[in-house]
Amino acid sequence: MRKSSIILHWLIDYISFTRGTMQGYLHNTVPRHYTRSQATKKTPIILLPGLSLRWGFLKSLGDFLAIHGYPIYLVPALKSNFKSVAQSAEIVKAIIQENDLHNVIIIGHSKGGIIGKYLLLHHNQDDRITGIIALATPFNGTSLGKLIPHHSYAEFLPHGELMQLLQKNQKHNHKIISIAPSWDNHIWPQNGSFLEGAENIKLKGYGHHRILFSKELHETVLYAIEKLARKHV
């Protein structure tokens, strides 16, 4: 990709980042249509945002799924998702238990997908989680963390303890569908969302954040939910 194209795609992606961040701060309460959809018998969905992002970043996707009748559960206690992956997984586990959820599908963007895999490995002895749909998730880590002096980003360095642990443990990868953009400006090197043993889907769209607002991603997530739900039956 030419340098001019890379700069343009970074710019467009960060317009989406700004849009999602504003949504995150504007929406502090769970939308009514999310709670109404919880009365249905369809597969319960838990939405997990990425690092530094609030649940509202995923509101466009959540609205789309709620319109299709899926019960949507949020985890406001994650706030801007700066806690460690292990701490975040404990908080998500509590949401599952408090709401007595079964056959759950977790949809996680970026760090949210890592939290999802961690839950499968350490907090799914009761088999309440059916599967994970990971969106632009750095399963192989990302060297971007070297540029940001914060412990939350350091967790995702490719040779860090967490990434090495998750890469070595592949026993639940078949329960994960990894959806990635054609080019991801936050995952270095490229193709870092590829997860061996999982179903890997590459979209036509570009951008770590931009894809969350695309029709292509929404429809692909719908396909992934239906496929994971069928596997569990």
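Residue numbers count from 1 along this sequence.
Atom NZ of K168 is separated from atom CG of L166 by 11.0 Å, given to the nearest 0.5 angstrom. Note: K227 NZ to Y223 OH = 3.5 Å, rounded to the nearest 0.5 Å. Atom CG in L78 sits 10.5 Å away from atom CD in Q87 (nearest 0.5 Å). Remark: L228 CG to N103 CG distance equals 11.5 Å, nearest 0.5 Å. Atom OG1 in T142 sits 8.5 Å away from atom NE2 in H208 (nearest 0.5 Å). Atom CG of N169 sits about 4.5 Å away from atom CG of L121, to the nearest 0.5 Å.
Of the possible donor and acceptor atoms, one in the side chain of S178 sits under 3.5 Å from a partner among the backbone N and O of S193. The backbone N or O of H9 lies less than 3.5 Å from no partner atom in the side chain of D13, so there is not a single donor-acceptor pair. Between the side chain of T137 and the backbone N or O of S110, at least one donor-acceptor pair lies under 3.5 Å. Checking side-chain atoms of N185 against main-chain N and O of W183 turns up no donor-acceptor pair under 3.5 Å. Between the N124 side chain and the I129 main chain, a donor and an acceptor come within less than 3.5 Å of each other. Between the side chain of S182 and the backbone N or O of L203, at least one donor-acceptor pair lies under 3.5 Å.
At least one side-chain heavy atom of H123 sits under 4.5 Å from a side-chain heavy atom of E90. With a 4.5 Å cut-off on side-chain heavy atoms, K202 and N191 count as touching. No side-chain heavy atom of L157 sits under 4.5 Å from any side-chain heavy atom of M163. Residues H102 and P44 fail the side-chain proximity criterion, which asks for heavy atoms closer than 4.5 Å. Residues K111 and S52 fail the side-chain proximity criterion, which asks for heavy atoms closer than 4.5 Å. Between I107 and I225, some side-chain heavy-atom pair lies under the 4.5 Å cut-off.
Heavy-atom minimum distance, I114 versus P138: CD1-O, 3.7 Å. For the residue pair G113 and A134, the shortest heavy atom distance occurs at CA-CB, 4.1 Å. Considering all non-hydrogen atoms of both residues, H68 and K42 come closest at O-NZ, 2.8 Å. The shortest heavy-atom contact between S16 and F213 is O-CE1, 3.6 Å. Taking every heavy atom of both residues into account, D184 and A136 meet most closely at OD2-CB, 3.5 Å. Considering every non-hydrogen atom in both L58 and H109, the closest pair reads CD2-CB, 4.1 Å.
Considering I133, T220, L217 in turn, T220 is the only one that fulfils the side-chain contact (heavy atoms from CB on, under 4.5 Å) rule with I201. In summary, of the residues considered (L135, I106, N81), a side-chain contact (heavy atoms from CB on, under 4.5 Å) with L48 occurs for I106 alone.
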### Query
For H122 and K93, what are the C-alpha separation, side-chain angles and deciding distance, and is it a side chain to side chain contact (heavy atoms under 4.5 Å, CB included)?
CA-CA 10 Å; H122 300 285; K93 176 186 175 184; over 6 Å; no
### Query
Stepwise, does the side chain to side chain contact (heavy atoms under 4.5 Å, CB included) test hold for V104 with Y73?
CA-CA 10 Å; V104 176; Y73 292 85; over 6 Å; no
### Message
Under the criterion side chain to side chain contact (heavy atoms under 4.5 Å, CB included), I'd like the reasoning laid out for V221 against H218: C-alpha separation, chi angles, the key distance, then a yes or no.
### Response
CA-CA 5 Å; V221 166; H218 292 179; 5.9 Å; no
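Residues that satisfy the side chain to side chain contact (heavy atoms under 4.5 Å, CB included) test with N173, not counting sequence neighbours, are K117, Q170, I176, L195. With sequence neighbours excluded, the residues satisfying side chain to side chain contact (heavy atoms under 4.5 Å, CB included) with A86 are S84, Y118. With sequence neighbours excluded, no residue satisfies salt bridge (charged side-chain N to carboxylate O under 4.0 Å, His left out) with K83.
Clustering ILVMFWY residues whenever any of their side-chain heavy atoms sit less than 4.5 angstrom apart, transitively, puts I115 in a cluster other than the one holding I187. Linking ILVMFWY side-chain heavy atoms closer than 4.5 Å, directly or via other members, places L162 and L119 in a single hydrophobic cluster. Under a hydrophobic-cluster definition in which Ile, Leu, Val, Met, Phe, Trp and Tyr are linked whenever side-chain heavy atoms come within less than 4.5 Å, directly or via other members, L53 and I15 are assigned to different clusters. One hydrophobic cluster, built from ILVMFWY side chains closer than 4.5 Å, cannot hold both F194 and L120; they sit in different ones. In terms of hydrophobic clustering, with Ile, Leu, Val, Met, Phe, Trp and Tyr side chains grouped at heavy-atom distances under 4.5 Å, I148 and W10 are assigned to a common cluster.
Within the structure, ring-ring contact (aromatic ring centres under 6.0 Å, His included) pairs that include any residue of residues 132-178 comprise F82-H150 (at least two apart or interchain).
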May I have the list of side-chain donor-acceptor pairs in residues 33-40 shorter than 3.5 Å, sequence neighbours left out?
from	atom 1	to	atom 2	distance (Å)
H33	NE2	D63	OD1	2.9
Y34	OH	K59	O	3.3
Y34	OH	D63	N	3.2
Y34	OH	D63	OD1	3.0
T35	OG1	R32	O	2.7
S37	OG	H33	O	3.3
S37	OG	Y34	O	2.7
S37	OG	Y70	O	3.1
Q38	NE2	I72	O	2.8
T40	OG1	S37	O	2.8
T40	OG1	G69	O	3.0

Check residues 19-29 and write down every donor-acceptor pair under 3.5 Å in which the side-chain atom is one partner and the other belongs to a residue at least two apart or another chain.
from	atom 1	to	atom 2	distance (Å)
T21	OG1	F17	O	2.8
Q23	NE2	G56	O	3.0

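Taking the centre of each ring, F57 and H209 come in below the 6.0 Å mark. Note: Y14 and H186 meet the aromatic proximity criterion, with ring centroids under 6.0 Å apart.
Within a 6.0 Å radius of NZ in K146, no more than 12 heavy atoms belonging to other residues, nucleotides or ligands are found.
The existence of a salt bridge linking D100 and R128 is confirmed by a sub-4.0 Å separation between a basic side-chain nitrogen and an acidic carboxylate oxygen.
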